[in-house]
Amino acid sequence: MASTRLPGKPLADIAGRPLIIHVLERAVEADVGPVLVACSELEVAEAVRAAGGAAAMTDPDLLSGSDRIRAALDIFDPGRRFDRIVNLQGDLPTVPPGDIRAALALLDDLQTDIGTVAARIVREEERDDPNVVKAVFGLHGRALYFTRATAPSGPGPLFHHIGLYAWRRAALERFTTLPPSQLEQRERLEQLRALEAGMRISVAVVDSVPLGVDTPADLARAREFIAAKP
């Protein structure tokens, strides 16, 4: 709610419903398990519950989305029924439900601690844009690095990392006890903490990058996109 570029972002209206409700609906459409909105503002929780969703109130001083997901999980599932968790950012109203399933399916490999997704970069200007995070991964999808730089060098495709994570519960719990790592702080990319700690992140390639809503212009595009849906 305190977004500097789009104040009140979670409750911004898109086609008569708050942004957060569109994201909730995409998560429900993925049909992989119960959906919980982790939030720190009562008005967001009330909007979610009014729409028939479930919300968990978490400490507003938590430092990261991963910390918030961990806190919400502890509230929602103290009996530890669930051992796989998807962290879907609350500003992705156009994320395809199939992308959520793709990230989660990567955990079928027992060597994978975290699953995530990336899409091939098709716009030339994005190759050198530091706001476009690049995922560098090998032939079998194991993540080697994430960076704001143009990487890897040489001929070949580059991949835009999408901030959607499927966590093995033990990996999430371990991650949230670790201090920020050196590379994480330099690149300002939280996932590098996991790589530096020796965790395995696997990457699935998906068709496109969902629209993230961070600015009034993004909100206008999201409204146009959703209004055009059949």
Side-chain angles (χ1 to χ4, degrees), residues 23 26-27 30-38 56 58 62-74 76-77 80-92 95-120 132-148 151-152 158-207 209-210 212:
V23 183
R26 302 294 85 74
D31 193 27
V32 295
V35 178
L36 179 71
V37 176
T58 56
L62 291 172
L63 296 178
S64 72
S66 301
D67 293 318
R68 196 167 307 285
I69 292 295
R70 165 75 187 277
L73 178 64
D74 289 344
F76 179 73
D77 185 32
R80 305 182 67 83
R81 292 179 298 154
F82 300 102
D83 63 0
R84 301 183 184 191
I85 301 93
V86 177
N87 180 352
L88 175 62
Q89 293 179 178
D91 58 4
L92 298 176
V95 64
D99 291 6
I100 299 171
R101 293 191 290 268
L104 188 61
L106 293 168
L107 298 185
D108 291 343
D109 179 350
L110 297 181
Q111 300 302 311
T112 295
D113 296 299
I114 305 166
T116 192
V117 293
R120 184 167 180 164
V132 174
V133 177
K134 288 79 178 180
V136 181
F137 51 93
L139 181 63
H140 299 293
R142 181 169 184 170
L144 304 174
Y145 196 60
F146 297 88
T147 182
R148 297 180 182 279
L158 300 184
F159 290 87
H160 185 150
H161 179 236
I162 299 163
L164 188 167
Y165 299 95
W167 291 87
R168 213 171 288 284
R169 186 169 189 159
L172 176 63
E173 291 172 340
R174 179 188 173 205
F175 179 88
T176 54
T177 65
L178 297 172
S181 69
Q182 181 181 30
L183 290 174
E184 172 188 1
Q185 292 174 317
R186 288 185 64 176
E187 292 263 22
R188 292 179 290 113
L189 296 174
E190 190 181 20
Q191 63 269 40
L192 292 177
R193 187 191 318 176
L195 289 184
E196 287 194 79
M199 295 184 190
R200 177 168 175 168
I201 302 177
S202 294
V203 182
V205 176
V206 296
D207 292 336
V209 178

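Quick note: numbers below take in every heavy atom, side chains included, and nothing from hydrogens, waters or symmetry partners.
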Among all residues two or more places apart in sequence or in another chain, which pass the side-chain hydrogen bond (donor to acceptor under 3.5 Å, both in side chains) test with [X]?
X	answer
R80	E173
D108	R84
D207	none
N87	none

Those residues that, when tested against [X], pass salt bridge (charged side-chain N to carboxylate O under 4.0 Å, His left out) (two or more places apart):
X	answer
R68	none
R168	none
D83	none
D99	none

R200/D109 salt bridge by N-O under 4.0 Å criterion: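 A salt bridge is present here (some side-chain N lies under 4.0 Å from a carboxylate O).
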Which residues pass the ring pair (Phe, Tyr, Trp, His ring centres under 6.0 Å) test with F137, sequence neighbours left out? F159
List the atom pairs, with distances to 0.1 Å, where a side-chain N or O of residues 191-199 and a protein N or O form a donor-acceptor pair under 3.5 Å, not counting sequence neighbours.
{"unit_1": "Q191", "atom_1": "OE1", "unit_2": "Y165", "atom_2": "OH", "d": "3.3"}
{"unit_1": "Q191", "atom_1": "NE2", "unit_2": "H161", "atom_2": "ND1", "d": "3.4"}
{"unit_1": "R193", "atom_1": "NE", "unit_2": "E184", "atom_2": "OE1", "d": "2.8"}
{"unit_1": "R193", "atom_1": "NH1", "unit_2": "F175", "atom_2": "O", "d": "3.4"}
{"unit_1": "R193", "atom_1": "NH1", "unit_2": "L178", "atom_2": "O", "d": "3.2"}
{"unit_1": "R193", "atom_1": "NH2", "unit_2": "E184", "atom_2": "OE2", "d": "2.9"}
{"unit_1": "E196", "atom_1": "OE2", "unit_2": "S181", "atom_2": "OG", "d": "2.4"}
{"unit_1": "E196", "atom_1": "OE2", "unit_2": "L183", "atom_2": "N", "d": "2.9"}

Excluding sequence neighbours, so at least two apart, what forms side-chain contact (heavy atoms from CB on, under 4.5 Å) with A27?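 Result, side-chain contact (heavy atoms from CB on, under 4.5 Å) vs A27: V35, L88.
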Among all residues two or more places apart in sequence or in another chain, which pass the side-chain contact (heavy atoms from CB on, under 4.5 Å) test with A102? V117, A204, V206
Less than 4.5 Å apart, side chain to side chain, heavy atoms only: is that true for V133 and R148?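 Counting from C-beta outward, V133 and R148 do come under 4.5 Å.
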